[in-house]
Chemist: 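Can you keep this structure in mind? I'll have questions shortly.
All residue numbers refer to positions in the sequence shown, counting from 1.
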Amino acid sequence: MIDKLIKRIIELQNPTCVGLDTDFNYLPDNLKEGVTGFRKATNAICEFNKNIIDAVCDIVPAVKVQIAYYEMYGVEGMKAFKYTLDYARKKGLIVIADCKRNDIGSTASCYSKAYIGKTEIGGKKARALPADMLTVNGYLGFDGIKPFVSDIIENKKSIFVLVKTSNPSGGELQNLKLENGKCIYEQMGELVEDWGKFFVGKYGYSEVGAVVGATHPEEAARLRSQMKNTFFLIPGYGAQGGSAEMLKVCFDKRGLGGIVNSSRAIICAYKNEKYKGLGYAEAARAACIDMQKDLSSTIGHMGK
């Protein structure tokens with residue numbers, strides 16, 4: 001799946017991932033008017049997501065759907081989550097389920113089946129929440145990662161393991177020094193590179209990727225130097241303060257090696273004075289185009 005993502009990035013010359021972290025309160029007034037209860041709220045969210053997907057599917061390679069924004073609406077929210085995954089894939093987008101799942105091996109296996117594997121019932125297997133890629137937490141060690149690795153091989157999927165997060169306080173744990181002189185995030189990066197060493201595709205990147213935030217360029221540069229075959233999912237651009245110049249270090253000399261997520265800056269672009277007068281879907285498309293120009297002007301041609 002990582003080769004498919006990189007191929008699409010090269011075709012579009014765009015390493016942008018649109019984050020569909022869709023809170024009901026982000027919707028324009030006409031979609032919120034008269035809405036009460038979870039079912040009506042999530043119907044409105046589905047309409048909002050659908051129109052944004054339609055507006056951007058020909059100019060961006062991927063969307064990332066953050067499950068927390070759907071779980072808070074209960075069962076109806078999970079239906080909206082699945083609808084969004086299905087519709088985005090139908091429109092040709094690569095879909096990243098941002099769920100940060102993991103636990104002990106047996107439980108991790110269940111999480112993996114839910115998103116990138118298949119669940120067996122009565123001798124037949126079916127997909128529950130069909131994503132192409134999944135974010136996972138690697139801090140339980142390899143026994144918690146192994147089930148995901150098995151499923152990405154069998155089902156041609158990918159995972160992104162948390163390594164260096166974009167939130168301001170992430171360093172409270174991730175930057176602690178170990179006895180070997182490395183920071184915890186560096187040790188995790190080393191493990192992730194090792195976990196993916198047998199699953200490297202034609203572009204030189206593994207199906208086992210890493211989440212590396214745009215807001216910590218020094219740490220990101222260190223990780224890129226040690227993680228030659230690990231593709232980065234890069235949050236933190238835009239609303240969280242990360243810039244194209246800050247995240248440039250995540251990419252290799254070919255302009256490859258990462259995909260940059262932006263959520264609120266795109267789905268809420270219609271609230272930005274810059275896009276005044278545009279509908280929310282039109283504004284999201286315009287914001288994606290501006291982001292592509294910003295990234296490409298900094299990173300350069302992709303795949304050269």
Chemist: Could you pull out all residues at least two apart from K32 that satisfy side chain to side chain donor-acceptor pair (under 3.5 Å)?
Modeler: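 If we apply the side chain to side chain donor-acceptor pair (under 3.5 Å) test to K32, skipping adjacent residues, there are no hits.
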Chemist: Would you check if L295 and L247 make a side-chain contact, meaning some heavy-atom pair closer than 4.5 Å?
Modeler: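 Yes, at least one pair of side-chain atoms sits under 4.5 Å.
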Chemist: Using side chain to side chain contact (heavy atoms under 4.5 Å, CB included), reason through L223 and V163 one step at a time and then give a plain yes or no.
Modeler: CA-CA 9 Å; L223 288 168; V163 173; 3.8 Å; yes
Chemist: For residues 117-126, which side-chain donor-acceptor pairs fall under 3.5 Å, sequence neighbours excluded?
Modeler:
none

Chemist: Do V208 and S158 make a side-chain contact, defined as non-hydrogen atoms from C-beta onward lying under 4.5 Å apart?
Modeler: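 They are not in side-chain contact.
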Chemist: Could you tell me the separation between the CD1 atom of I299 and the CG atom of N14, rounded to the nearest 0.5 Å?
Modeler: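 It comes to 9.5 Å.
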Chemist: Go through Y69 and T22 one step at a time and tell me if the side chain to side chain contact (heavy atoms under 4.5 Å, CB included) criterion holds.
Modeler: CA-CA 6 Å; Y69 284 83; T22 312; 5.6 Å; no
Chemist: Would you mind reporting whether Y270 and K276 have side-chain heavy atoms less than 4.5 Å apart?
Modeler: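 Sidechains of Y270 and K276: no contact.
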Chemist: Sequence neighbours excluded, which residues qualify as side chain to side chain donor-acceptor pair (under 3.5 Å) partners of D143?
Modeler: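 D143 satisfies side chain to side chain donor-acceptor pair (under 3.5 Å) with no residue once adjacent residues are dropped.
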Chemist: Please confirm whether the backbone N or O of I153 pairs with a side-chain atom of K156, one donor and one acceptor, at under 3.5 Å?
Modeler: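 A pair under 3.5 Å: no.
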Chemist: Quick check: does any side chain N or O of N229 sit under 3.5 Å from a backbone N or O of G204, one acting as donor and the other as acceptor?
Modeler: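 Side chain of N229 to backbone of G204, a donor-acceptor pair under 3.5 Å: yes, one is there.
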Chemist: So, N43 versus Y83: side-chain donor-acceptor pair below 3.5 Å or not?
Modeler: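 Y83 and N43 do not have a side-chain donor-acceptor pair below 3.5 Å.
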Chemist: With I116 as reference, evaluate I159, N155, L129 under the side chain to side chain contact (heavy atoms under 4.5 Å, CB included) test and give the passing residue.
Modeler: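 Single pass found, and it is I159.
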Chemist: With K100, which residues qualify under side-chain contact (heavy atoms from CB on, under 4.5 Å), at least two apart?
Modeler: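 By the side-chain contact (heavy atoms from CB on, under 4.5 Å) rule, K100 matches Q66, D98, T135, L162.
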Chemist: Ignoring hydrogens and angles, state whether a donor on the side chain of N49 or T84 is under 3.5 Å from an acceptor on the partner side chain.
Modeler: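 Per modelled atom types, N49 and T84 side chains form a pair under 3.5 Å.
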Chemist: Might you point out which heavy atoms bring A88 and V95 nearest each other, and give the distance in Å?
Modeler: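 Scanning both residues completely, I find the closest heavy atoms to be CB-CG2, 3.6 Å.
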Chemist: Could you tell me which non-hydrogen atom of V192 sits nearest to which non-hydrogen atom of A210, and how far apart they are?
Modeler: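 Heavy atoms of V192 and A210 come nearest at CG1-CB, 4.4 Å.
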Chemist: Kindly give the cluster partners of L140, where membership spreads through any ILVMFWY side chain lying under 4.5 Å from a current member.
Modeler: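 None, because no other hydrophobic side chain comes under 4.5 Å of this residue.
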Chemist: For the pair N272 (side chain) and Y275 (backbone), establish whether a donor and an acceptor sit closer than 3.5 Å, ignoring hydrogens and angles.
Modeler: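 Judged by distance alone, no pair lies under 3.5 Å.
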Chemist: May I have all residue pairs that pass ring-ring contact (aromatic ring centres under 6.0 Å, His included) and include part of residues 284-304, sequence neighbours excluded?
Modeler: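 Every candidate ring-ring contact (aromatic ring centres under 6.0 Å, His included) pair involving residues 284-304 fails, so no pair, neighbours aside, qualifies.
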Chemist: Backbone N or O of Y87 within a donor-acceptor pair of the R89 side chain at under 3.5 Å?
Modeler: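 Not a single qualifying donor-acceptor pair exists.
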Chemist: For G279, does its backbone N or O pair with a side-chain atom of E282 as donor and acceptor, under 3.5 Å?
Modeler: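 Answer holds: yes.
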Chemist: If you count every heavy atom of other residues, nucleotides or ligands that lies below 6.0 Å from F198 atom CZ, does the total exceed 12?
Modeler: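 No, CZ of F198 has 12 or fewer neighbouring heavy atoms, counting only those of other groups under 6.0 Å.
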Chemist: Would a 4.5 Å heavy-atom cut-off, applied to side chains only, mark Y139 and I184 as touching?
Modeler: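 Y139 vs I184: side chains touch.
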Chemist: If only side-chain N and O atoms count, and only distance matters, is there a donor-acceptor pair under 3.5 Å linking S296 with Q13?
Modeler: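 Looking only at side-chain atoms, S296 and Q13 do not form any donor-acceptor pair under 3.5 Å.
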Chemist: We want to know whether D151 and Y111 form a side-chain donor-acceptor pair, criterion being a heavy-atom distance below 3.5 angstrom.
Modeler: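 There is no such pair (donor and acceptor under 3.5 Å, judged by atom type) between the side chains of D151 and Y111.
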Chemist: Is there a side-chain contact between V260 and C17 in this structure, where contact means two heavy atoms from C-beta onward sitting under 4.5 Å apart?
Modeler: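 No, too far: nothing below the 4.5 Å cut-off.
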Chemist: Could you tell me whether the side chain of S206 and the main chain of G196 form a donor-acceptor pair under 3.5 Å?
Modeler: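 Flag set: sc S206 to bb G196 pair under 3.5 Å.
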Chemist: Is the closest side-chain heavy-atom distance between Y205 and T230 below 4.5 Å?
Modeler: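 When only atoms from C-beta onward are counted, T230 and Y205 do not touch, as no gap falls below 4.5 Å.
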Chemist: Applying salt bridge (Lys or Arg N to Asp or Glu O under 4.0 Å) to D290 and K274, what does each step give before you reach the verdict?
Modeler: CA-CA 11 Å; D290 286 344; K274 182 178 182 179; 3.0 Å; yes
Chemist: Roughly how far, to the nearest 0.5 Å, is NZ of K64 from OG of S262?
Modeler: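 Answer for the OG-NZ pair, S262 versus K64, is 10.0 Å.
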Chemist: Going by the salt bridge (Lys or Arg N to Asp or Glu O under 4.0 Å) test, which pairs reach into residues 38-51, not counting sequence neighbours?
Modeler: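 Non-adjacent pairs meeting salt bridge (Lys or Arg N to Asp or Glu O under 4.0 Å): R39-E76, K50-D54.
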Chemist: Looking only at atom types and distance, does a side-chain atom of S150 sit under 3.5 Å from a main-chain N or O of K146, one as donor and one as acceptor?
Modeler: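 Such a contact is found between S150 side chain and K146 backbone.
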Chemist: For F148 versus L134, what's the shortest heavy-atom pair and its separation?
Modeler: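 Taking F148 first and L134 second, the nearest heavy atoms are CE2-CD2, 3.6 Å.
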Chemist: Would E190 and Q226 count as a side chain to side chain contact (heavy atoms under 4.5 Å, CB included) if you check the C-alpha gap in whole Å, the side-chain angles of each, and the deciding distance to 0.1 Å?
Modeler: CA-CA 7 Å; E190 187 175 294; Q226 77 177 65; 3.9 Å; yes
Chemist: Mind jotting down which residue pairs meet the ring-ring contact (aromatic ring centres under 6.0 Å, His included) criterion with at least one end in residues 40-68? Sequence neighbours excluded, please.
Modeler: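 As it turns out, the ring-ring contact (aromatic ring centres under 6.0 Å, His included) pairs with a partner in residues 40-68, which skip direct neighbours, are F48-Y280.
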Chemist: Donor-acceptor pair, T42 side chain versus I45 backbone, under 3.5 Å?
Modeler: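 Checking the backbone N and O of I45 against the side chain of T42, no donor-acceptor pair under 3.5 Å is found.
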Chemist: Using side chain to side chain donor-acceptor pair (under 3.5 Å) as the criterion, list what pairs up with K90, not counting sequence neighbours.
Modeler: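 Once residues adjacent in sequence are excluded, K90 has no partner under the side chain to side chain donor-acceptor pair (under 3.5 Å) criterion.
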Chemist: Can you check whether I6 reaches F231 side chain to side chain, under 4.5 Å on heavy atoms?
Modeler: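 I6 vs F231: side chains touch.
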Chemist: Check the pair D3, K7 against salt bridge (Lys or Arg N to Asp or Glu O under 4.0 Å), reporting the backbone distance first and the verdict last.
Modeler: CA-CA 6 Å; D3 280 347; K7 181 182 178 184; over 6 Å; no
Chemist: Under the side-chain contact (heavy atoms from CB on, under 4.5 Å) rule, collect the residues that match up with C183, sequence neighbours excluded.
Modeler: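 C183 satisfies side-chain contact (heavy atoms from CB on, under 4.5 Å) with K177, Y185, E186 once adjacent residues are dropped.
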Chemist: Under a single-linkage definition using a 4.5 Å side-chain heavy-atom cutoff for Ile, Leu, Val, Met, Phe, Trp and Tyr, are V35 and I267 assigned to the same hydrophobic cluster?
Modeler: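 Yes, same cluster.
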Chemist: Under the rule for side-chain contact (heavy atoms from CB on, under 4.5 Å), what residues qualify as partners of C288, not counting sequence neighbours?
Modeler: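 Per chain and number, C288 pairs via side-chain contact (heavy atoms from CB on, under 4.5 Å) with V18, V56, I59, V60, I266.
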Chemist: Would R224 count as a cation-pi partner of F251, with NZ or CZ less than 6.0 Å from the six-membered ring centre and within 45° of the ring normal?
Modeler: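 The answer is no, since R224 fails at least one limit relative to F251.
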Chemist: Whether the side chain of T215 engages the backbone of S166 through a donor-acceptor N/O pair (distance < 3.5 Å, no angle test) should be reported.
Modeler: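 Flag set: sc T215 to bb S166 pair under 3.5 Å.
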Chemist: Let me confirm one number: the OG-CD1 distance from S112 to I145, rounded to the nearest 0.5 Å.
Modeler: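 Taking OG in S112 and CD1 in I145, the distance rounds to 9.5 Å.
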Chemist: Taking all non-hydrogen atoms of both residues, which atom of Y70 and which atom of L20 are closest, and how far apart?
Modeler: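 Heavy-atom minimum between the residues: OH-O, 2.9 Å.
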Chemist: D58 and R285: side chain to side chain contact (heavy atoms under 4.5 Å, CB included), yes or no, with the steps?
Modeler: CA-CA 10 Å; D58 63 325; R285 182 180 178 87; 2.7 Å; yes
Chemist: Between D103 and T107, is there a donor-acceptor pair closer than 3.5 Å when you use the side chain of the first and the backbone of the second?
Modeler: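 The answer is no, because no donor-acceptor pair under 3.5 Å joins these two groups.
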Chemist: Start with the C-alpha gap between R222 and E219, add the side-chain angles, then the distance that decides, and say whether salt bridge (Lys or Arg N to Asp or Glu O under 4.0 Å) holds.
Modeler: CA-CA 5 Å; R222 197 170 294 122; E219 290 93 334; 5.6 Å; no
Chemist: Could you tell me which non-hydrogen atom of G141 sits nearest to which non-hydrogen atom of W195, and how far apart they are?
Modeler: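 It is C-CZ2, 4.0 Å.
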Chemist: Run the side-chain contact (heavy atoms from CB on, under 4.5 Å) test against T298 and tell me which residues pass, sequence neighbours left out.
Modeler: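 By the side-chain contact (heavy atoms from CB on, under 4.5 Å) rule, T298 matches A244, E245, K248, D294.
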Chemist: Determine whether M1 and L5 make a side-chain contact, defined as any pair of heavy atoms from C-beta on separated by less than 4.5 Å.
Modeler: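 No, too far: nothing below the 4.5 Å cut-off.
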Chemist: Measure across G144 and N102 and return the closest heavy-atom pair with its distance rounded to 0.1 Å.
Modeler: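 Taking G144 first and N102 second, the nearest heavy atoms are O-OD1, 2.9 Å.
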